[in-house]
Structure formats: C-alpha cells, structure tokens
S.K.: 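Starting off with a structure, shown below.
So that the names make sense, note that chain A is the first sequence line, chain B the second, and so on, each numbered from 1.
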Protein chains: 2
Amino acid sequence: MAKPPAPPPGPATVRTISRLAGVAASTVSRALKQDPRVAPETRRRIAELALQAGYTPNAFARTLSGGRSGLVGLIVGPLQNPFYAELLAEAVAQAAALDLRLLLVHAGAGPIEDRTSQALLQYQVDGCLIASAELSSRAAAVCAARGVPIVMVNRVARLHASAVACDNLGGGADLAAFLLAGRHKRFGLVLGTQGTSTSDDRERGFITALAGAGMQPVFSTAGNSTYEGGHAAAGRIAAMSRARRPDAVFAINDIMAMGLLDGLREAGLQVPQDISVVGFDDIPAAARACYGLTTVAQPMTMMLQRGLSLLTGRIASGNLPDETVILRGQLVVRGSARRPP
Amino acid sequence: MAKPPAPPPGPATVRTISRLAGVAASTVSRALKQDPRVAPETRRRIAELALQAGYTPNAFARTLSGGRSGLVGLIVGPLQNPFYAELLAEAVAQAAALDLRLLLVHAGAGPIEDRTSQALLQYQVDGCLIASAELSSRAAAVCAARGVPIVMVNRVARLHASAVACDNLGGGADLAAFLLAGRHKRFGLVLGTQGTSTSDDRERGFITALAGAGMQPVFSTAGNSTYEGGHAAAGRIAAMSRARRPDAVFAINDIMAMGLLDGLREAGLQVPQDISVVGFDDIPAAARACYGLTTVAQPMTMMLQRGLSLLTGRIASGNLPDETVILRGQLVVRGSARRPP
DNA sequence: GAAGAAATTGCACACGGTAGCATTATCCCA
DNA sequence: TGGGATAATGCTACCGTGTGCAATTTCTTC
C-alpha cells in the first residue's frame, strides 16, 4: 500500500485534510476559501473531506498570518442599568450577524484596569466598541496608540474616535417643550454622571429650551445614574415645601426616573397630579403600567447598526476620517407627566 | 557603526526587542517570563527595553505555540432578566481577576446558531461557561466533542459537563414552608421555562414540601420567565372568583414575580392582604420598596467563584471527573407575603 | 592549569494558515 | 507537432511565540 492516510490525533488542520486529499496544504486553504484557481472538482472533494473530518479553521493561526482577528473589544457601562443590558444584547445579536466576535472587556461603572486594556492589544482586536457614559480614557488611549479604530456608542467623542449617539440636546429640548406645553411652571432636574456628554447634553438641551420660554430650573440634584440615586432624590424633593417644590422633574435617564417615581409615591405624592416626571432612554420597564414613563426613546437598533458599520468601515480601510452620527430620538408620551390640555 | 538597531515599523515583537538588546529572540521570550535561566542583569535590561518599546505579547502567537488561549466562551440567557445581567457583570469582574478573557458568544433566549457555536472552536476557547436556563445543546455538544471543559451555572448538567447551581429544590421547599407557616391555604404557581432544571426543581421542591403538609397547588400557569408573562398571569388570577383564587403564589423567578405583583395591584388586589407573592433569585429590584419581594437569594458571587474555579481546574488538568456543586440559597423575608403570626 | 560542573544564551523547529512564486499539466491553434 | 498561453497545484517562507537541545562561557576545585 502506498500511503495509508493515517489521520493524526487531535483536531483536524489543513494539513490533515491535505494528506487525506493527497494535495498540498495551500491547496486546501485555497479550496476552502472558494479560490477560483482551484479546480471545481478538487474544491468539492476537499470541502467534503473537511466536513467529514470535522475541520474547523484555527482563528489564531489565521490571525497571525492574515493580521485580522475578527475580534471586537467591547466595553459597556453598568449592566444594573437596563439600558446597557439592552444595548449589550443588541450588540451581541448584531455582531454575530456580521461575523464579528465580541471580547467583553469591561462592564460596570468602575475604571478600567491597565491589565484589562492590555487585553485589547494582546488579543489584537480589530476594533473597539465603547458604550459607557464614563470616559474609559485608558482603553481609548491604548487603542488610539495602536491605530485600532474606536467607535463610541451613546457618547460623543472627546478624543480621536468615531461616535454614534442619540440627539441628547434635541431630546432634552423635546421634553422641555412637552412640559412647557403642559403648563408646568417649576422645573427640577435629577442629574446623572457629571461630565459625561450624554448627561450634560440632555441637561443643556432641556435648560436651553426652558430659557427659550423665559424660564429656568428651580432645582437640580445628583442622581448618580442609578435607581437608588433617583429614589434618594425623591426624598429630597418630597421634603420641600409645596411652594418651593418643582411641579415637573426631568431625570436624565429612565432608571433614575423609576427610582424617583417610586420614591415620590412612597412619600405620598401623586404622579402626575402633584408632580410630573419624565425620563430618557425608553428602557422596557418604562412602558410598564406601574411606571408609564414619558420619555425619549433611543433608536437602539439603529444606533448599533450605524456604530458597527462605522467600525467595520474603519477596520476595512484604516484611514477614514473620524465621523460622528447623531440620531434623533423620539418622544414617547405616557402617563407620568401631565399632558398639554 | 556596527549595527544601527533600526526599529522596524509596526508594533514591537520579541524580535524587535531582541535586536535592540542584541540577544536572541528566545532569550527575550524567556526573560519576559522571568525564567531564572536568564541572567538577572539581562532580564532587567530586556524588561526595560520592552517597556520602552511598548511591547505587548501577541496572544494569538502565544496560543498557537502554547495551545492555551486564555479565552472562555460565555453563553448567557436573556439580559432583559436582571438576574442574567447581574450574573454577567459578576462573571466579567471575576474573569478579569483570573486573567481570563470572555468571548461573549450568545445572549438571549433564542437558540444558538451553528455559526455561533463554531466560533467557540475557531477561537480555541479553553473552556465554556454556560449560564442560560435553556439547553444550548448545540454549543455544549460542540465543546464536548473537542474536549473543551464546560461549566453550567444556574443549571444542573444534563450532559457531560460540570455545574454549579443554587439548591433550587431546597429553596422551593423553604418558600413553601414559609407560606405554610403563614397559614396560607390555597397555593398557586407561575411557571418559568418548562423543561429547564432550574424551573422544574423549584417547582418540585415547592410541591413536595406542600405535600409534606398534606396540601397541593390549586392553580398553575405559565409565566414564560418574563415580566410580561408574570403580568399576564396576574390577569388570569385576578379574574378568578375569590373562592377559587389562590391566597399565595410562587413565581418561579423574581422578574415574573414583579410582573405578577404589578398586575395584581393593577387589578385592585392588595399584596399581601388579599394575596401573597413570593419569587426566587433576589435580583436587586426585589429589594425596592415598591416590591419588597419575599424570595430566595442566590449566592451569585459564590456561584461564579466556584464555577470559574471548576472551569480553571478542568482547563489545567483535562481529565478531572465531572462535578456538580449545589449551593444553598437564603430565604429573604420582605413584605410581599403574609408572615407567620 | 585543566577537567568537570554550572550558568547563559543561541539555534532550530513547531504551532496552523496564507500568499507569492515556481512548477507542472493541459489546451489551443497555427 | 511544436510553441505559447492558461489552468492547476506544489513549494517555501512568514506571521510571533515557546521550548528542547546544543553551544558557549564562566566558575569550581583539585
């Protein structure tokens, strides 16, 4: 017998297949990539053998040789906020459809450890998706230094990076306009994480629109971007005398608005009869009957679609200029704020 | 001049450093790994040059050579359920501390596409963490075929795999005992995803404990493991005549219990005066004043700690026997169920 | 001072896949 | 039937790191 094609142990590689088929390894590689230079019959035979042997290409070897890993680094904010949970779920679904793998590098409010951002480089991510209100500057700097494209989602870019965000200014203004139309007179704010573009823009849009009507907020307090923060803010608001108390409060995001709403009710105030509450994000819980939050819906699907497309574009051709995409959110009117007459 | 150490373009590699230091690449490799066979002085010099050149080891090359990727595949259930969001956040934190990277392969209730499970092999994950009530059998089979260790979290193993789970039987029994002590007479159940060990065990533990007191549930309905499912179940329960209606309902998980509770209140029932509600998981929202859910807390931190340790153990030595760890949950008494007198 | 031991370091190859170039087989047409 | 074009495939080197073994240097010790 000439060559008993003894299949070596371990998972099948191109070499395994090449021995089985009696061809060179490079032919196998080409055949599996539908290279037209390989004869159709050979291609077919190799495809069959590969299937039969349970061949799976080794992404590591391919990356080493080809330079592209197919990996995208992902950094998200605290998953306790359903907004981020939803964003993450959407990112996973869309990335899979694009045949990109997600390396989940960081999730949470805390700062990113150096060791963590190192991982982005060690694993040769092709790009990085940052969806966290916080700056993550360490990771961003690391990527920028290596020319790894970055796309921020839900934040505008402060540094060398592209970004997709909701029109936070416009959304804040829409909410202000809605409350003004509802004849509210005294406006309060529950702020999120100070210094983030998302939080600041919503606040600014809101205040600017109020100013357009000759008004300004009478009260402003920190909410820490958490349910608990919103709940605590409710305590402070409920403690105010009726005369000083705002009659409408804009919580910079829905999770705080939920805490705020629950807190106000616990303190005996009726929403929206005694006080109106509006939020921002339109997380699923905002639609629940017990909240019925008037808010601004972020176009989540579209945001990630555009975000990933910006990213893949920059991965494909390294020298595209930075780009920022602003998508308009949509005002969703529910029962948590008094409506215009 | 002898050798102008011209640093080649692109990121620094061991070869870059080796040229700068005038040693062989293998020496650099060893020096950076603190191999005692390299002279201390040489080691120090190389470390300095590496730092200065911004050297980062290439995980892909290292994997190709060494066989271990440092990657763990992660599959989680639907992140709309805060339990999974919390679990994911904990997994990210703990994995980072263990210097493992997470390849987020799938998140959600849907089935896992073939292409997705292929990714587990292509990227040579060292192990796989499956935290989803659903079976994910495709991914599990793929891993098993390649000898990739699997650890299930929040599920007991139906197939070749290790597992860490809460004592769902015991937890269900604890809740039954608590309700019995509260002199409840008519018990209802809102079920989760049928056929999952998590859901089935909780139900079974509950029913068995009731049987021990000579009782049995009078009502049982599907809740689909979602808030909406629990909410819909509330509608069905509220529609029952007072005589037929259960006076205590166990929702298999907290997210359903929340929907149930809101739905019952909307229908005008008072909790716990008219009807008691208990859940399972102790997600953060269960502690909120507006819910105050009596539930069983899963030892999340410990579950992941043990889960990852099972996984790293099996990665380190391939032939450890499968192991299942059951951790006791803790009954958390709040206001959503009438207390024992 | 030389033999042997110990400490350092270099060489070569392997990991799995890809791509450039060389080589061989095949075909067309004069 | 021969020459050239074209199709099909093989050979080889490389990506960056890790490791076994050989080679070199240095140190011991009689």
Side-chain angles (χ1 to χ4, degrees), chain A residues 3 7-47 49-50 53-71 118 121-124 126 146, chain B residues 3 7-46 49-50 53-71 118 121-126 146:
Chain A
K3 301 181 199 166
T13 72
V14 273
R15 222 157 314 261
T16 317
I17 310 294
S18 79
R19 288 196 187 107
L20 289 173
V23 299
S26 51
T27 302
V28 173
S29 171
R30 281 191 276 259
L32 294 174
K33 246 185 323 176
Q34 308 299 332
D35 189 318
R37 284 164 40 194
V38 178
E41 158 60 15
T42 313
R43 236 187 292 171
R44 199 198 50 70
R45 191 161 49 93
I46 289 178
L49 283 170
Y55 169 75
T56 310
N58 183 323
F60 284 71
R62 179 178 285 173
T63 299
L64 195 54
S65 171
R68 192 157 302 171
S69 67
L71 242 40
Q118 284 293 318
L121 297 185
Q122 294 183 223
Y123 286 87
Q124 313 275 109
D126 292 337
R146 292 298 178 99
Chain B
K3 303 181 200 167
T13 73
V14 272
R15 217 161 315 266
T16 316
I17 311 294
S18 80
R19 289 198 185 105
L20 289 173
V23 299
S26 53
T27 302
V28 174
S29 171
R30 281 193 273 260
L32 293 174
K33 247 186 322 177
Q34 308 298 333
D35 189 318
R37 284 164 40 196
V38 177
E41 158 59 13
T42 313
R43 234 187 293 171
R44 198 198 51 71
R45 192 161 48 96
I46 289 178
L49 284 170
Y55 170 75
T56 310
N58 183 324
F60 283 71
R62 179 178 285 174
T63 300
L64 194 55
S65 171
R68 192 155 302 171
S69 68
L71 243 38
Q118 284 294 318
L121 298 185
Q122 293 184 224
Y123 285 88
Q124 312 274 110
V125 296
D126 293 337
R146 293 297 179 97

S.K.: Minimum heavy-atom separation for A/A53 to A/A12, with atom names?
M.R.: O-CB, 3.8 Å

S.K.: Work out which heavy atom in A/T16 is nearest to a heavy atom in A/P11; give both atom names and the distance.
M.R.: OG1-O, 4.4 Å

S.K.: How close do A/A50 and A/I17 get, counting heavy atoms only, and between which atoms?
M.R.: CA-CD1, 3.7 Å

S.K.: So if I take every side-chain heavy atom of A/R30 and compare against D/dC11, D/dT17, D/dG20, which nucleotide ends up nearest?
M.R.: D/dC11

S.K.: Distance check needed: D/dT19 P versus B/R68 CZ, whole Å only.
M.R.: 11 Å

S.K.: When the C1' atoms of the five terminal pairs at each end define the local axes, what inter-axis angle does the helix from C/dG1-D/dC30 to C/dA30-D/dT1 show, to 10 degrees?
M.R.: 50°

S.K.: Of the options B/K33, B/R43, B/R44, which is the one that meets B/V38 in a side chain to side chain contact (heavy atoms under 4.5 Å, CB included)?
M.R.: B/R43

S.K.: Nearest whole Å is fine: how far is D/dT9 C1' from A/E41 CD?
M.R.: 14 Å

S.K.: Rounded to whole Å, how long is the line connecting atom CD1 of B/I17 with atom C1' of D/dT17?
M.R.: 13 Å

S.K.: Would you mind writing out the side-chain donor-acceptor pairs for residues 54-70 of chain A within the sub-3.5 Å range, not counting sequence neighbours?
M.R.:
unit_1	atom_1	unit_2	atom_2	d
A/T56	OG1	B/R146	NH2	3.0
A/N58	OD1	A/F60	N	2.7
A/N58	OD1	A/A61	N	3.1
A/T63	OG1	A/A59	O	2.7
A/T63	OG1	A/R68	O	3.4
A/S69	OG	A/L71	N	3.1
A/S69	OG	A/Q124	O	2.7
A/S69	OG	A/D126	OD1	3.2

S.K.: Which nucleotide span of DNA chain C, 5' end to 3' end, has atoms closer than 4.0 Å to non-hydrogen atoms of chain A?
M.R.: C/dG16 to C/dC21

S.K.: Taking atom P of D/dT17 as reference, at what distance in whole Å does atom CD1 of B/I46 sit?
M.R.: 13 Å

S.K.: Closest nucleotide of DNA chain D for A/P36 versus for A/S26: which of these residues is on the 5' side?
M.R.: A/P36

S.K.: Checking contacts here: which listed nucleotide (D/dC11, D/dT19, D/dG16) is nearest the side-chain heavy atoms of B/L64?
M.R.: D/dG16

S.K.: May I ask you to say what A/T63 touches in the nucleic acid, namely base, sugar-phosphate or nothing, with a heavy-atom cut-off under 4.0 Å?
M.R.: nothing

S.K.: In whole Å, I'd like the distance from the CZ atom of B/R19 to the P atom of D/dT17.
M.R.: 12 Å

S.K.: Could you tell me how far apart B/D35 (CG) and D/dT19 (C1') are, to the nearest whole angstrom?
M.R.: 10 Å

S.K.: Between B/V38 and A/R15, name the one whose nearest nucleotide on DNA chain C is closer to the 5' end.
M.R.: B/V38

S.K.: When you check the phosphate oxygens OP1 and OP2 of D/dG10, does a side-chain N or O of A/T27 lie under 4.0 Å from one of them?
M.R.: yes

S.K.: What's A/R62 touching, base or sugar-phosphate or nothing? Going by heavy atoms closer than 4.0 Å.
M.R.: sugar-phosphate

S.K.: Quick one: CZ on A/R30 to CD1 on A/I46, what's the gap to the nearest 0.5 Å?
M.R.: 10.0 Å

S.K.: In this structure, how many angstroms lie between the C1' atom of D/dT17 and the NZ atom of B/K33, rounded?
M.R.: 8 Å

S.K.: How long is the straight-line distance from OG1 of B/T27 back to CG of B/D35, given to the nearest 0.5 Å?
M.R.: 9.5 Å

